[in-house]
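First listed ligand is number 1; within each ligand, the first listed atom is number 1.
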Amino acid sequence: MHRSIATVSLSGTLRQKLEAIAAAGFDGFELFENDFIQFNGSAATLGAIARDLGLSVDLYQPFRDFEAMPELQFRRSLERAERKFDLMQAMGARLMLCCSNTSPMAVDDPARAAAQLHALAERAAQRGLRVGFEALAWGRCTSRYGQAWDIVRRADHPNLGLILDSFHTLSLKDDPAGIADIPGDKIFFLQMADAPLMAMDVLQWARHHRSFPGQGDFDVVTFLEKTLQAGYTGPLSLEIFNDVFRETPNRRTAVDAMRSLLYLESQVRERLDDAAPRAVTLFSPPPLPDLSGISFIEFAVDEAAAASLGALLQQLGFRRVGQHRSKAVVLYRQGDVHLIVNAQPDSFARERFDAHGASVCALGLRTDDPEAAAERAVAMRSQPHHSPVGPGEVRVPAIVAPGGNLVHFVASALGRDGLYAADFVLDDDGPGASDAGLQAIDHVALGLDIDQLDTWVLFSRAVLGLEPGESLELADPFGLIRSRGVANADRSVRLVLNVSLSQRTRTARTLRRSGGGAVHHIALRCDDIFESVAHLRANGVAFVPISGNYHDDLATRIDLDGGLIERMRAAGVLFDRSPAGDYLHIYTESFENGLFFEVVQRVDDYDAYGAINAPARMASQAQS
Ligand SMILES: O=C(O)c1ccc(O)c(O)c1
Ligand SMILES: [Mg+2]
């Protein structure tokens with residue numbers, strides 16, 4: 001499909017926006033009028049810049065408050081339109097977006113609206129231009145695509161068509177099914193936007209909280225599917241008003257934008273696969289990886305941090321089971337948890353250490369077909385990362401995740417030792433006395449900058465096949481944290497994406513100190529948390545203390561055995577219950593750079609992360 005994006009979706013000056021749009025591989029753009037009004041150049045200059053960048057000016061927008069007006073205003077607006085048509089011709093734009101009238105002067109008279117739009121289309125036709133009519137969700141008389149189509153049909157002018165915008169339809173919970181019955185050649189343009197579900201005024205929602213397809217909660221896949229079923233063959237465009245995108249570096253936003261369109265196309269393609277041949281070609285990447293677990297977590301350290309992290313890991317019950325044959329890299333193991341501590345100078349890990357301090361620099365994800373997983377990621381606009389592979393070493397395809405850490409895809413067929421046997425001298429004599437019964441990596445929690453959350457949600461879905469859960473807001477004593485889990489279908493890979501909305505929370509301070517998005521804690525799963533905690537305390541692990549008031553309150557909220565509450569109180573364990581099951585958990589004090597561990601026990605099918613208890617942790621950390 002011809003891929004396009006509205007200039008309002010990106011930060012920067014108009015020229016910078018267009019450069020970012022071109023660099024991300026778009027075919028064209030929608031020119032948002034304000035961007036042109038503020039542009040220090042003529043329409044012809046803009047047209048030349050677009051041509052030089054290989055971009056078409058697909059749409060000039062918006063033209064406001066036109067239809068269904070009293071005669072005097074209508075005549076004036078026709079003159080206003082002529083001036084815009086002059087600009088469009090000078091810059092090479094062929095289509096103007098006219099959005100439904102929001103003026104109090106508009107009259108609820110579809111026949112008048114149709115007649116006036118007919119007149120506008122006739123003026124446009126004289127110059128070889130076209131006009132598309134879009135229903136704004138807050139339009140005074142026309143708010144739904146069905147109403148807009150009725151007016152376009154009545155106007156019956158070849159140069160007048162309909163413009164669809166998924167936001168307006170889906171925000172009003174209007175049914176997109178009827179789109180499939182509109183003649184495809186009367187749909188002149190398609191704007192796609194997603195958004196999180198929010199109970200707020202629709203205009204505020206539309207102007208501040210739209211997001212790229214795949215980042216929000218709307219069924220954008222069905223919307224595009226219906227539009228293609230109508231026979232639409234025009235541009236697939238993004239029109240995203242978003243407060244965060246206005247400040248995010250535009251190159252990053254443009255890559256997310258392209259990824260969102262590719263992902264959307266691929267989802268619709270999967271749905272339509274058996275249907276009749278289509279007039280448009282939809283992007284078809286390798287399939288999503290079938291992930292089956294987090295195979296390892298790698299830390300970037302220097303020699304000093306390697307020693308202190310190593311000591312902490314041993315307290316946590318890990319054994320040092322491998323030394324790399326040629327590098328300053330050590331492997332730690334407990335249960336099925338593998339932690340790699342990388343202190344190799346002149347390595348990717350050392351670059352990350354130099355930039356961020358002791359931190360997680362890579363995740364290994366287990367999958368049947370690592371090459372296909374990496375190809376999928378690259379098709380979805382992730383950067384591949386090629387590490388040097390020594391003789392006899394296993395090649396592990398890797399990609400760069402948002403924020404710069406690596407994701408490695410590890411073949412499931414390698415088994416427990418296969419990956420390490422080639423590179424490490426292994427010396428595993430089985431669980432020792434310090435083993436704390438930690439079995440698996442339950443989840444990895446990331447602390448992200450505000451402008452990385454949507455990026456991570458889309459990356460998780462489009463590249464890794466992890467679907468987001470509920471978005472929650474957690475109270476730190478110094479501000480709110482927004483938290484959202486993403487997980488694969490069998491829950492063997494879970495990440496938690498945390499963003500601080502305040503600059504003063506511990507999460508925000510840790511982020512600033514470490515200079516960017518990073519892993520902020522690692523949750524390890526056990527079968528008996530009381531036994532594990534007793535073991536860990538005996539090993540010398542320090543846990544975040546939890547107020548006795550917490551356990552007093554717990555007894556009032558949840559009908560629990562008194563003995564269990566006392567065990568939790570004594571151990572410092574937190575508790576959450578959902579209809580599916582229970583969650584018991586505890587947090588360690590932090591290591592360098594704010595990084596800490598969580599020990600968790602899931603009972604039955606509990607499917608979340610104990611977010612209700614995060615405020616107790618954050619308050620306790622603030623008091624220590
Ligand atoms: O918010 C607006 O005014 C506006 C303008 C043009 C559009 O295409 C749109 O969806 C919204
Ligand atoms: Mg729109």
query: Any salt bridge between Asp86 and Arg127, counting N to O under 4.0 Å?
result: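 Salt bridge: yes.
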message: Between the side chains of Arg210 and Asp165, is the shortest nitrogen-to-carboxylate-oxygen separation below 4.0 Å, so that they form an ion pair?
response: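 Looking at Arg210 together with Asp165, the answer is yes, because their closest N to O distance falls below 4.0 Å.
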Within 45 degrees of the ring normal and closer than 6.0 Å to the centroid, is that where the cationic atom of [X] sits relative to [Y]?
X      : Y      : result
Arg269 : Phe283 : no
Arg504 : Phe478 : no
Arg259 : Phe459 : no

- prompt: So His443 and Tyr609, would you call those rings parallel, tilted or perpendicular, with 30° and 60° as cut-offs?
  reply: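 Ring orientation of His443 relative to Tyr609: perpendicular.
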- prompt: At what distance, to the nearest 0.5 angstrom, does CD of Glu30 lie from OG of Ser56?
  reply: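 One gets 11.0 Å once the value is rounded to the nearest 0.5 Å.
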- prompt: Are Phe241 and Phe32 an aromatic pair by the rule of ring centers under 6.0 Å?
  reply: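 Yes, ring centres under 6.0 Å apart.
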- request: Tally every protein N/O/S atom whose distance to the Mg ion (ligand 2) is less than 2.8 Å; waters are neither shown nor counted.
  value: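 Considering protein N, O and S only, the Mg ion (ligand 2) has 4 within range.
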task: Compile the protein residues with any heavy atom at a distance under 4.0 Å from an atom of ligand 1; present them by chain, then by number.
output: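 The answer is Gln61, Pro62, Arg64, Leu97, Glu134, Leu136, Trp138, Asp165, His168, Gln191, Arg207, Arg210, Glu239, Phe241, counting any residue whose heavy atom sits under 4.0 Å from ligand 1.
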field: Main-chain N/O of Ser211 paired with Gln215 side-chain donor or acceptor, under 3.5 Å
entry: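 Checking the backbone N and O of Ser211 against the side chain of Gln215, no donor-acceptor pair under 3.5 Å is found.
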